[in-house]
Number of protein chains: 2
Amino acid sequence: MNTLAEENYLKCIYHLAIDAGVVSTNQIAASLNTRASSVTDMLKKLADKALINYTRYQGVSLTDAGEKIAIGIIRKHRLWEYFLVEKLNFKWDQVHEMAEEMEHISSEELIDRLDEFMGHPKHDPHGDPIPDCNGNFKSVELKPVSALAINQCGVISGVRDHSSPFLQYLEKQQLTIGKKVTITDIIEYDHSVALKTETDKEIYISREVANNLLISL
Amino acid sequence: MNTLAEENYLKCIYHLAIDAGVVSTNQIAASLNTRASSVTDMLKKLADKALINYTRYQGVSLTDAGEKIAIGIIRKHRLWEYFLVEKLNFKWDQVHEMAEEMEHISSEELIDRLDEFMGHPKHDPHGDPIPDCNGNFKSVELKPVSALAINQCGVISGVRDHSSPFLQYLEKQQLTIGKKVTITDIIEYDHSVALKTETDKEIYISREVANNLLISL
DNA sequence: TTCATATTTTAGATAAGTCTAAATTTTTTA
DNA sequence: TAAAAAATTTAGACTTATCTAAAATATGAA
């Protein structure tokens, strides 16, 4: 088994690698709120365990073994988030911290039974896909609202920012997962966007919000 | 917040103090599978935090603050055990190790909602009482089968040994929580006991089993 | 009540994970 | 392309929790 710190590094590298491929020491340090020197120490350890590909000064990527562990942790995180929202009635902006702890509960059988108990959900409360017990999941291609054109419509299916303030704001605006929206206007000046909901309500969102709100077409 | 090690020491001291009042360094070391010198180090730290009463060579007891934390951990442990058995269909001999990890999930609100989700259960799968959110619980006076006389009857309500082999044995003999039994014979020679179940089945158990099986009269 | 034994504590080390400060390597820019 | 800047690594230190071995204290038996 791996330590809590090791698991957090693997998960972090996995997330950063989605955009970048190879991940830098400083990226990891920024993401984990730690120092680059601490990261270097840990990278050596993970490389010794054959969980990452690492050559000095060249950044890192996960090995197959490392990716498997990372996906396992993400599976646990998302299943526990689903549990907290669907069974214990937490809001989607309240569950991240708790799931950060719960994702390290080691038993595989526990998580598989939890998955079954909840009916094998495919997405967590933020729209992120939940890997199955073999680590497989298909990630639908989502686009930020900011990448759409006037009159395009789609379904809110994910967020790029998982922070409470952002999620609370979306909730207040009723811009939650599953809602269908149509782009009605794009303001050239500040790149803010006007949306129309199914109930014909019009909502203005800033460029920043439009960047962090993901749509499936 | 306290570290995982600190929480485990507090819980351990709480359990040992139930019989003894004051707990010795060696008792703790034996219970936690560690060395007496390690225990001494930790006792100093817990005393600095005012969680235990400690004077060198004199053993320890929990302060009110320490006891409150210990009971909180035990509440979490037992609620998670209940969840694992009642919701995820684990057997009573499978849940201890998992609950040992889950009891350290920090959120109080999570555990209170879990409690509510399950309908505020009063006892865990091994018959141990579950403290409420204020740390209150009433422990019924239970007697080991070995303390009963011929013809006495009662209901199986707890165990002293929580190990898998013991619990599996009881399960196989159908000596599980809630079953009513009557003492039909006590063998002088080896202190083994003959029991009759509600279905009039006769079961012989050894002195050791009789010592670890608890009855409410 | 004194001495042998058991218990407990202290002293000094170790491993994991972190830090700061300094050194090294890579990248950028002029 | 050489110097400056940025990124990364190394060196050495700190904390937590553990260990072994030795010293101190308590207990109990003669």
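Note on naming: letters A, B, ... go to the chains in the order of the sequence lines (proteins, then strands), and numbering restarts at 1 for each one.
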Exercise. Over 60° means perpendicular and under 30° means parallel, so classify the ring planes of Phe166(A) and Tyr169(A), tilted if in between.
Key: parallel
Quiz item: Mind checking what makes side-chain hydrogen bond (donor to acceptor under 3.5 Å, both in side chains) contact with Arg35(B), not counting sequence neighbours?
Solution: none
Quiz item: Rounding to a whole Å, what distance do you find between Ile28(A):CD1 and dA7(D):P?
Solution: 14 Å
Quiz item: Which residue pairs satisfy the salt bridge (charged side-chain N to carboxylate O under 4.0 Å, His left out) criterion with at least one member in residues 59-74 of chain A, sequence neighbours excluded?
Solution: none
Quiz item: Can you find a side chain N or O atom of Arg35(B) that sits less than 4.0 Å from OP1 or OP2 on dT18(D)?
Solution: no
Exercise. Using heavy atoms and a sub-4.0 Å distance, could you list which residues of residues 6-17 of chain B are near DNA chain D? By number, please.
Key: Tyr9(B)
Quiz item: If you measure from the Lys or Arg side-chain nitrogens to the Asp or Glu carboxylate oxygens, is any gap between Glu100(B) and Lys76(B) under 4.0 Å?
Solution: no
Self-check item: Those residues that, when tested against Thr40(A), pass side-chain hydrogen bond (donor to acceptor under 3.5 Å, both in side chains) (two or more places apart)
Solution: none
Exercise. Whole angstrom is fine here: how far is it from CG in Leu32(B) over to C1' in dT18(D)?
Key: 12 Å
Show me the donor-acceptor pairs within less than 3.5 Å that the side chains of residues 116-130 of chain A make with the rest of the protein, sequence neighbours left out.
| unit_1 | atom_1 | unit_2 | atom_2 | d |
| --- | --- | --- | --- | --- |
| His120(A) | ND1 | Asp115(A) | OD2 | 3.1 |
| Lys122(A) | NZ | His120(A) | O | 3.1 |
| His123(A) | ND1 | Gly127(A) | O | 3.1 |
| Asp124(A) | OD1 | His126(A) | N | 2.7 |
| Asp124(A) | OD1 | Gly127(A) | N | 3.1 |
| Asp124(A) | OD1 | Asp128(A) | N | 3.0 |
| His126(A) | ND1 | Glu81(A) | OE1 | 2.9 |
| His126(A) | NE2 | Trp92(A) | O | 2.7 |
| Asp128(A) | OD2 | His162(A) | NE2 | 2.7 |

Quiz item: If the sugar-phosphate is the primed atoms plus P, OP1 and OP2 and the base is the rest, what is the B/S/- string for nucleotides 8-14 of chain C, using protein heavy atoms under 4.0 Å?
Solution: BBB----
Self-check item: N-O pairing of Arg75(B) and Glu103(B) below 4.0 Å
Solution: no
Self-check item: Residue pair Ile156(B) / Leu214(B), side-chain heavy-atom distance below 4.5 Å
Solution: no
